[in-house]
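Accompanying notes for the structure given below.
Just so it is clear, the model here is predicted, and its values are computed rather than measured. Reminder, nothing fancy here: chain letters follow the sequence lines and each chain counts from 1.
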Amino acid sequence: MLQLQVVREEKDKIINALQKRNIDAAPILDKVLQLDEKRRTTQSLLDNTLAESNKLSKEIGMLFKSGKAQEANVLKEKTGSLKEDSKRLGEELNATAKELQDLLYQIPNIPNELVPAGNTEDDNEEIFKEGDIPSLDPSALPHWELAKKYDIIDFELGVKITGAGFPVYKGKGAKLQRALIAYFLDKNTAAGYTEMQVPLLVNEASGYGTGQLPDKEGQMYHVGADDLYLIPTAEVPVTNIFRDNIINESDFPICLTGYTPCFRREAGSYGAHVRGLNRLHQFDKVEIVRLEHPSNSYKALDGMVEHVKTLLRDLKLPYRILRLCGGDLGFTAALTYDFEVFSTAQDRWLEISSVSNFETYQANRLKLRYRDENGKTRLAHTLNGSSLALPRVLAGILENYQTPEGIKIPEVLVPYCGFDMID
RNA sequence: GGAGAAAUGGCAGAGUGGUCGAAUGCGGCAGUCUUGAAAACUGUUGAGGGUCACACCUCCGGGGGUUCGAAUCCCUCUUUCUCCGCCA
């Protein structure tokens, strides 16, 4: 959520910046400013009314104490109309504040100046590419065929138990998955991130805090009986650890990592793009989250990108990094880098990580602040990234490491797996 | 799931109708002393709105009510603790 103060002071700048998202923000910002004005006027009227009746109450108290009950009763009568006024003004204020809040929720984050203009994923900017694309045998298979051939992932079984998009990992497939999780967590921990295990269901306030609510509730599974949401990413519970917190400036940076399953309802895709592991309702992911001082958050973002690079380098997977364009940028992000692994057998890039700086956008909703050197509270910056999303890494490994003899295990994972070949 | 108790500032904890945004202790910050640190001492220290700055307003788990006036009384919800039951 944008800060009101920023909207007040930099309206034109915001309108300009949001054009990159192909949004004309002028009408909504005008409405916001108008409501803000109204809110403040109403607040001021209410404050004066309350001040008046506070004063009278004090006087009445004094009078009663000194035995002047009659005079007190005269004053009492005066408070009646003040009470009505303050009730009416209070309701008006609440209604205005709510309307204002709802509008602010609808405005996405301001893109960083590095964000390229553009409408779709085709307009994303490739900024880095590394790793050799292996030349596979013409008989090379996509991962869903390999999964069947070596009996390591069973999609039909998942359909029986739950439904489409809930695969069952079997034997060496399950073990490889567990190895990846352990490996990623170890790497993240070594890089200074503290490992956390967090709840997989969150309440409504947490959903609002990181921006999944309102508007995107359709993407999350909702447990109606208890009004809880299954997390779509560890970002939600991990970042919400700090909701309503004021932290010391000296505590920056705060670096956390966590492994969780992620649950996404993901409506509306089709064909090969959802085959196999490409798109699931339940998948595993290791996430990194950082809380940063505003002056350091972009340096931190670069640091996170460098860190994710090392994971892919170690796995010897060919990948590229994209800077997302305005049209593809997430609602809450100011700048996002996507990592994609090349799936040789599918002949396409698969997104496996998304690393973003949210600046103060989430922090404003979370009321996540720090105290600066003058003792003033200011909003912190939040960042997060996948390190990494498991299924597509798995797909990439299966497809790129396949040989006529079987699927080789990337060297760094062999100690975690306890085997070096799936055959 | 049943019975009882409780929810106050970063933490502990006082406050049962008016002068309480809230005693006190710890912690934090600044200073004195010290070569430096510790200890001791002194001062300071909740958040939000509002204002050029003040004034002023709101907040004692959430919501509602009684009252001229509520941290304090009433209703309700949530959470925590103790005991019992069930259970990985």
Side-chain angles (χ1 to χ4, degrees), chain A residues 1-9 32-104 197-209 213 223-229 237 240-252 254 261 291 293 360 363-380:
Chain A
M1 189 168 66
L2 297 183
Q3 292 170 265
L4 249 184
Q5 203 191 336
V6 176
V7 177
R8 270 186 224 145
E9 287 166 7
V32 163
L33 290 177
Q34 189 196 323
L35 282 169
D36 177 43
E37 188 67 37
K38 188 180 168 197
R39 200 208 91 236
R40 277 189 287 173
T41 312
T42 313
Q43 173 98 59
S44 156
L45 285 171
L46 175 63
D47 284 358
N48 290 338
T49 310
L50 289 172
E52 179 90 4
S53 65
N54 284 346
K55 212 175 108 200
L56 281 177
S57 292
K58 263 178 200 166
E59 282 175 29
I60 291 169
M62 305 280 243
L63 288 173
F64 271 125
K65 227 164 215 177
S66 52
K68 298 174 184 162
Q70 255 186 351
E71 283 177 51
N73 284 326
V74 174
L75 286 185
K76 263 197 196 181
E77 276 166 37
K78 277 167 99 175
T79 59
S81 69
L82 286 175
K83 235 180 151 178
E84 273 169 39
D85 285 353
S86 59
K87 192 173 177 201
R88 180 177 52 81
L89 287 167
E91 279 164 6
E92 205 175 311
L93 181 66
N94 283 343
T96 310
K98 167 93 167 54
E99 204 181 333
L100 179 58
Q101 177 89 118
D102 288 346
L103 279 185
L104 283 173
Q197 287 196 1
V198 290
L200 307 182
L201 281 86
V202 294
N203 57 28
E204 196 180 41
S206 294
Y208 273 92
L213 296 174
V223 184
D226 296 293
D227 199 17
L228 295 171
Y229 296 87
N240 270 283
I241 289 172
F242 298 96
R243 173 151 47 87
D244 293 322
N245 274 23
I246 300 174
I247 58 181
N248 291 325
E249 201 172 21
S250 56
D251 290 338
F252 286 127
I254 292 176
L291 271 46
H293 191 282
T360 59
N364 193 29
R365 289 190 176 192
L366 292 160
K367 295 195 176 56
L368 163 49
R369 293 152 293 170
Y370 68 96
R371 212 176 288 285
D372 70 10
E373 68 272 18
N374 299 318
K376 288 197 98 174
T377 57
R378 300 189 180 283
L379 293 174

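As rounded to the nearest Å, B:G46 and B:C29 have P atoms that lie 15 Å from one another. Across the C1' atoms, B:G13 and B:G65 are found 30 Å apart, a figure rounded to whole Å. Using atom P as the reference point in both B:U78 and B:C87, the two lie 26 Å apart (nearest Å). Using P as the reference atom, B:U8 and B:G4 are 22 Å apart when rounded to the nearest Å. Rounded to whole Å, the separation between the C1' atoms of B:A7 and B:G43 comes to 33 Å. Of the P atoms belonging to B:U45 and B:C54, the separation is 15 Å, rounded to the nearest Å. Across B:U80 and B:G31, the matching C1' atoms stand 41 Å from one another, rounded to whole Å. Annotation: B:U58 and B:G85 have their C1' atoms spaced 45 Å apart (nearest Å).
Mapping A:A51 and A:L56 onto RNA chain B by nearest heavy atom places A:A51 at the nucleotide closer to the 5' end. In terms of position along RNA chain B, the nucleotide closest to A:L46 lies nearer the 5' end than the nucleotide closest to the other residue of the pair A:N94 and A:L46.
Here B:G31 sits opposite B:C41 as a Watson-Crick or G-U wobble pair (both hydrogen-bonding atom distances under 3.5 Å). When both pairing distances are held under 3.5 Å, B:C20 makes no Watson-Crick or G-U pair with any nucleotide shown. Across all strands shown, B:G69 remains unpaired; no Watson-Crick or G-U wobble contact has both distances below 3.5 Å. Base pairing of B:C81: its partner is B:G4, meeting the Watson-Crick or G-U wobble criterion (both donor-acceptor distances under 3.5 Å). Nucleotide B:C59 has B:G46 as its partner under the Watson-Crick or G-U criteria, with both atom distances under 3.5 Å. Both distances falling under 3.5 Å, in either a Watson-Crick or a G-U wobble arrangement, occur for no nucleotide opposite B:A88.
Rounded to whole Å, the distance from CG on A:D244 to C1' on B:G9 is 15 Å. Between the CZ atom of A:F64 and the P atom of B:U19 there is a distance of 16 Å, given to the nearest Å. Atom pair A:K87:NZ and B:C68:P shows a separation of 15 Å (rounding to whole Å applied). The separation between A:N48 atom CG and B:U51 atom P is 12 Å, rounded to whole Å. Atom CG in A:L228 sits about 13 Å away from atom P in B:U78, given to the nearest Å. Remark: P of B:G9 and CG of A:N245 are 14 Å apart, rounded to the nearest angstrom. Rounded to an integer number of Å, the gap from A:I60 CD1 to B:C68 P is 8 Å. Across the protein-nucleic acid pair, A:K58 atom NZ and B:G17 atom C1' stand 15 Å apart, rounded to whole Å.
Residue A:L50 is classed as a sugar-phosphate contact, given heavy-atom separations below 4.0 Å to backbone atoms only. Residue contacts shown for A:T79 are limited to sugar-phosphate atoms, with no base heavy atom under 4.0 Å away. A:N54 comes within contact range of the sugar-phosphate backbone alone, with a heavy-atom separation under 4.0 Å but no base atom that close.
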Enumerate all atom pairs, one protein N or O and one N or O from nucleotides 43-50 of chain B, separated by less than 3.5 Å.
from  : atom 1 : to     : atom 2 : distance (Å)
B:A47 : OP1    : A:R371 : NH1    : 2.6
B:A47 : O3'    : A:R369 : NH1    : 3.1
B:G48 : OP1    : A:R369 : NH1    : 3.2
B:G48 : OP1    : A:T377 : OG1    : 2.6
B:G49 : O3'    : A:R39  : NH2    : 3.1
B:G49 : O2'    : A:R39  : NH2    : 3.4
B:G49 : O2'    : A:Q43  : OE1    : 3.4
B:G49 : N2     : A:D47  : OD2    : 3.2
B:G50 : OP1    : A:R8   : NH2    : 3.2

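The CD atom of A:E91 lies 8.0 Å from the CG atom of A:N94; values are rounded to the nearest 0.5 Å. Note that NZ of A:K55 is 6.0 Å distant from CD of A:E59, once rounded to the nearest 0.5 Å.
Taking the charged nitrogens against the carboxylate oxygens, A:K367 and A:D244 have no contact shorter than 4.0 Å, which rules out a salt bridge.
In this structure, A:N245 contributes its side chain and A:L368 its backbone to no donor-acceptor pair below 3.5 Å.
Here A:K76 does not reach the OP1 or OP2 of B:U67: none of its side-chain N or O atoms lies under 4.0 Å away.
Counting heavy atoms from C-beta outward, A:I254 and A:F242 have side chains that approach closer than 4.5 Å. Between A:Q101 and A:M1 the shortest side-chain heavy-atom distance falls below 4.5 Å.
Note on ring orientation: taking the six-membered ring where Trp is involved, the planes of A:Y370 and A:F252 are perpendicular (angle over 60°, cut-offs 30° and 60°).
A donor atom on one side chain and an acceptor atom on the other are not found under 3.5 Å apart for A:S57 and A:N54.
If you run side-chain contact (heavy atoms from CB on, under 4.5 Å) between A:S86 and each of A:N48, A:T49, A:L93, only A:T49 comes through.
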